[in-house]
Amino acid sequence: MRHKIKTAILISGGGSNMEALINASKARAFPAKIVLVICNQPKAGGIERAKKLGIPVLVVDHKAFGSREEFEREMHVNLLKHHVELICNAGFMRILTPWFVRRWLGKQINIHPSLLPKYKGLHTHKRAIEAGDKEHGCTIHYVNEGVDDGKILAQARIPLLPTDTPQTLAERVLIEEHKLYPKTLKRVAMALRLA
Ligand code: GRF
């Protein structure tokens, strides 16, 4: 069998995107293998979820470190320990410093619940509704030194309905995220395999 790209997932919350990635990666021909999940929130639901799916989970609580960089160094050491080649951020709610970003440039991707470059940051669904947008969606992009700013890899669009609330919209976007992220990871891992 061809080499599978050793992939880590960074999470802070419920981990539904993480679960979609792990499930997809179990297919025999999938080009990435999830070798580690790192969570910065000790109480996040995603921790149990990852354990149930049989993936090693490491909690690196950012509050236990004196600076952003020390927290990142702890993540970095563990990523190296697991021979990680690619990182998928999936609902990971920490801003990363240039120190970490540079070390993983071209090898770290993120999912964001808006059609970037629109609505970087938080409350994307509410902002799209308030702006009167006709469509909304999600984006997967490379991570660079800006916030939700790197080169776009893929987007999924859905119509924004007049009856949508931030919650109904978030639920419908999430369904698209769960399809788009595995598809995009597959593509990125295949490209890395050829590199
Ligand atoms: C997703 O909408 C993701 O795009 C955003 O936060 C949410 C995380 O959901 N950054 P989950 O933890 O994957 O369930």
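Counting starts at 1 for both ligands and their atoms, following the listed order.
Arg73 has no carboxylate O lying under 4.0 Å from a charged side-chain N of Glu70, or vice versa, which leaves the two without a salt bridge. The residues Lys126 and Glu130 are annotated as salt-bridged, a charged nitrogen and a carboxylate oxygen being separated by less than 4.0 angstrom. Between Arg102 and Glu145, at least one side-chain nitrogen of the basic residue sits less than 4.0 Å from a carboxylate oxygen of the acidic one, meeting the salt-bridge criterion.
Between Phe71 and Phe92, the two ring planes are parallel [angle under 30°; tilted spans 30° to 60°].
Atom numbering of ligand 1 starts at 1 in the shown order; those under 4.0 Å from a heavy atom of Ile111 are 4 (O), 10 (N). Atoms of ligand 1 lying under 4.0 Å from at least one heavy atom of Glu177, given by number and element, are 1 (C), 2 (O), 3 (C), 4 (O).
Nearest protein neighbour of atom 9 (O) of ligand 1, counting heavy atoms only, is Asn17 ND2, 4.0 Å. Nearest to atom 14 (O) of ligand 1 among the protein's heavy atoms is Ser16 OG, 2.5 Å.
Only one option out of Lys118, Gln155, Lys120 pairs with Thr139 in a side chain to side chain contact (heavy atoms under 4.5 Å, CB included); it is Gln155.
The shortest N/O to N/O separation between Arg49 and ligand 1 does not fall below 3.5 Å.
Closest to atom 12 (O) of ligand 1 by heavy atom, among Gly45, Gly91, Gly15, is Gly15.
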